[in-house]
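Quick note on labels: first sequence line is chain A, next is B, and so on, each numbered from 1.
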2 protein chains.
Amino acid sequence: MGTISKALTLLDTLSLMDRDAGLTEVAVACGLDKATTRRFLVELEKHGFVEQLPDNRKYRLGSAPVRLGRIREARYPFLKTAIPFVRQLMEDCGETVHLSEYSGGRLSTVYVEDSTKAHRVFIAIGTLLPFHATASGLAFIAACPDKDVDAAATGPMPAFTNYTTCDEASFRKAIEQTRTDGYSINRQGMEAGVFSTSAAISDPKARPIGCITVAAPLVRTDAARIRQHGLAAAAAARRISEAFFGVDRKEQAALQRGRETG
Amino acid sequence: MGTISKALTLLDTLSLMDRDAGLTEVAVACGLDKATTRRFLVELEKHGFVEQLPDNRKYRLGSAPVRLGRIREARYPFLKTAIPFVRQLMEDCGETVHLSEYSGGRLSTVYVEDSTKAHRVFIAIGTLLPFHATASGLAFIAACPDKDVDAAATGPMPAFTNYTTCDEASFRKAIEQTRTDGYSINRQGMEAGVFSTSAAISDPKARPIGCITVAAPLVRTDAARIRQHGLAAAAAARRISEAFFGVDRKEQAALQRGRETG
DNA sequence: AGCACTGGTTCATTATTTAAACCATGCTTA
DNA sequence: TAAGCATGGTTTAAATAATGAACCAGTGCT
């Protein structure tokens with residue numbers, strides 16, 4: 001593995017830790033040598049991707065990503081575009097809705113709109129969504145070309161609960177179902193007591209870029225309601241796609257013009 | 001320079017380009033070999049920091065930073081805390097107000113609240129703010145220990161306009177003035193026709209972490225008004241600091257408790 | 001067809017990264 | 001108070017990965 005990959009993996013691991021971490025702690029979490037870890041941390045810190053607290057010398061995620069993230073959002077406002085629809089879907093369903101984006105080979109949660117109900121599902125931003133064990137993953141993969149389905153189907157499928165689908169046949173069946181329905185369903189595959197439905201958000205060439213997912217406590221769901229959530233999610237996904245790629249095209253054109261004349 | 005630094009510099013250059021760039025374009029912009037550049041881009045893409053458009057093979061900033069940025073903000077909500085005060089300051093002054101953060105050895109703009117006036121100052125998110133040529137940089141450095149002032153004072157000071165202060169003596173004088181006033185002033189040092197005032201936002205141990213800056217067209221300013229903006233900025237900075245480090249401490253404590261008991 | 005550009009790849013050379021052993025310091029405990 | 005131990009941080013020869021000149025292949029233009 002290249003050095004850059006290692007460093008970015010370190011950054012990733014650090015970002016998934018739920019508190020500031022010491023040097024050795026980071027080292028063991030990444031399976032790297034202490035000296036190496038430190039060199040990485042120092043270099044990452046120089047660019048603001050990591051910061052070391054002056055008080056206790058612990059490390060944490062720095063603020064450079066928020067700057068870059070803002071730049072990206074300013075040019076390619078996926079979140080900005082999607083958030084209103086996420087909120088709307090949450091209000092329509094009354095359940096926690098989350099938005100995920102595909103990036104770096106993985107699907108991860110980038111925004112959550114919490115249900116206002118007392119009994120609700122909690123999801124942390126940054127959560128990774130395995131393809132086989134979540135509604136989001138299923139919806140995403142189902143929207144991909146068959147070769148990606150095959151890759152996912154033949155990869156490892158760790159079980160997170162007793163309900164996780166871990167064999168290829170069931171997985172492929174779920175994909176088929178998702179493709180015919182237009183939305184995916186996952187029943188307690190990732191977390192016990194949670195029932196999710198999801199729909200992929202795709203670009204104009206039908207390449208998926210992320211998905212929008214409704215996560216409800218099992219006790220509040222039945223087949224009819226799930227179907228309702230699923231259809232609502234699919235509709236929201238379609239609307240986000242239109243809004244996003246609509247404005248994007250216009251903006252691209254405007255930028256282009258600006259560049260050519262100025 | 002280490003490989004990681006080079007890669008992050010590439011990422012940085014890419015983020016500062018105002019459109020998607022081809023391989024060779026990126027390579028020359030970074031002063032790297034084409035092969036190296038490509039290796040970097042591929043590795044960065046694997047982690048979502050860069051994405052290659054399938055249509056024209058051009059590269060652009062990826063979405064991983066927005067995920068990491070969201071994680072950071074969820075834990076350490078600097079923007080979330082500061083934005084209301086930025087907005088308030090904009091309304092009070094009627095001028096564009098921007099918020100900057102120190103990270104990776106540089107001060108950069110992370111948020112902008114545009115004035116509602118037709119004739120106003122425009123600032124792009126991600127803009128780098130040199131210490132000697134901007135009100136923000138001055139405010140920040142003035143809030144640092146003397147050794148940092150010395151480092152900045154003896155470094156190179158490129159001129160951006162005819163008004164930029166480029167000599168050590170004037171720079172030090174400006175720092176002194178800033179320290180006594182509690183806010184900094186910069187008159188056309190970065191851009192002709194722009195007059196800015198800024199105040200540093202510091203942590204409880206008086207270490208600055210960023211600043212808040214009012215940028216007005218020269219024609220709308222006079223000494224009294226500038227002073228007014230400066231004092232307002234200083235007050236806003238203080239309030240942000242209180243709000244931020246107030247909630248932060250509480251959250252830290254809550255997290256700590258959660259960790260210990262669970 | 002030929003040219004001038006792209007994006008992308010190869011491979012011997014070269015430089016960086018690695019990790020074991022090391023030091024220094026602060027905290028806990030005997 | 002002193003010893004022990006965990007922590008952050010540093011050094012080194014050995015191992016590994018980065019480098020870049022030369023290369024191929026595709027595309028659009030003359």
Side-chain angles (χ1 to χ4, degrees), chain A residues 1-15 17-62 104-105 147 205 207 252 256 259-260, chain B residues 1-15 17-62 104-105 147 205 207 252 256 259-260:
Chain A
M1 210 202 314
T3 311
I4 299 168
S5 278
K6 285 182 214 159
L8 295 181
T9 306
L10 183 154
L11 195 65
D12 226 47
T13 328
L14 191 68
S15 81
M17 292 184 166
D18 44 9
R19 64 193 153 110
D20 307 335
L23 174 59
T24 35
E25 201 174 347
V26 177
V28 305
C30 302
L32 290 170
D33 188 83
K34 211 165 36 128
T36 306
T37 305
R38 178 157 155 77
R39 219 165 25 79
F40 282 7
L41 285 169
V42 168
E43 253 177 311
L44 288 165
E45 190 188 17
K46 235 183 267 167
H47 294 259
F49 284 78
V50 155
E51 69 185 22
Q52 183 177 35
L53 308 197
D55 304 327
N56 56 7
R57 302 211 249 181
K58 284 188 187 299
Y59 297 90
R60 70 151 68 129
L61 191 58
K147 71 167 175 46
K205 294 199 175 155
R207 285 180 296 237
Q252 294 278 67
Q256 211 61 29
R259 195 123 312 282
E260 281 157 7
Chain B
M1 212 204 308
T3 311
I4 299 169
S5 278
K6 285 182 215 158
L8 296 180
T9 306
L10 183 154
L11 195 65
D12 225 47
T13 348
L14 190 68
S15 81
M17 291 182 165
D18 44 9
R19 63 194 154 109
D20 306 336
L23 173 59
T24 35
E25 201 176 347
V26 177
V28 305
C30 302
L32 291 170
D33 186 84
K34 210 166 38 127
T36 306
T37 305
R38 177 155 156 78
R39 222 165 21 80
F40 283 7
L41 286 169
V42 168
E43 253 177 311
L44 287 166
E45 191 188 16
K46 236 183 268 169
H47 294 258
F49 284 80
V50 156
E51 69 186 20
Q52 184 177 33
L53 307 198
D55 303 327
N56 56 8
R57 302 212 249 182
K58 284 188 187 298
Y59 297 90
R60 72 153 67 128
L61 190 59
K147 70 169 173 47
K205 293 198 175 157
R207 286 179 295 236
Q252 294 279 65
Q256 211 62 30
R259 194 122 312 283
E260 282 158 5

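Salt-bridge check for B/Arg39 with B/Asp33: failed, with every basic side-chain N at 4.0 Å or more from each acidic carboxylate O.
Atom OH of A/Tyr59 is separated from atom CD of A/Glu45 by 7.0 Å, given to the nearest 0.5 angstrom.
Between B/Gln52 atom CD and C/dT6 atom C1' the separation is 13 Å, expressed in whole Å. Taking atom CG of A/Asp20 as the reference point, atom C1' of D/dT7 lies 16 Å away to the nearest angstrom. For B/Lys58 and C/dC5, the NZ to P distance is 15 Å, given to the nearest whole Å. The interatomic distance linking B/Leu41 (CG) with C/dG8 (C1') rounds to 12 Å, in whole Å. Between B/Asn56 atom CG and C/dG8 atom P the separation is 11 Å, expressed in whole Å. Distance CZ (A/Arg38) to C1' (C/dA24): 13 Å, rounded to an integer number of Å.
Within the structure, a side-chain polar atom (N or O) of B/Thr24 is placed less than 4.0 Å from OP1 or OP2 of C/dG7. OP1 and OP2 of D/dG8 both lie 4.0 Å or more from every side-chain N or O belonging to A/Arg57. One finds a side-chain N or O of B/Tyr59 lying less than 4.0 angstrom from the OP1 or OP2 phosphate oxygen of C/dG8.
Results of the side-chain contact (heavy atoms from CB on, under 4.5 Å) test with B/Cys30 over B/Thr13, B/Thr37, B/Thr9 single out B/Thr13 as the only residue that passes.
Considering only heavy atoms from C-beta on, A/Phe49 comes within 4.5 Å of B/Leu11 through its side chain.
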### Task
Evaluate side-chain contact (heavy atoms from CB on, under 4.5 Å) for B/Thr3 paired with B/Phe40, printing each intermediate quantity in order.
CA-CA 9 Å; B/Thr3 311; B/Phe40 283 7; 3.8 Å; yes
### Task
Could you please spell out the steps behind the side-chain contact (heavy atoms from CB on, under 4.5 Å) verdict for B/Leu41 and B/Gln52?
CA-CA 9 Å; B/Leu41 286 169; B/Gln52 184 177 33; over 6 Å; no
### Query
Once each nucleotide of nucleotides 17-23 of chain C is scored for protein heavy atoms under 4.0 Å, what B/S/- sequence comes out, 5' to 3'?
SBBB---
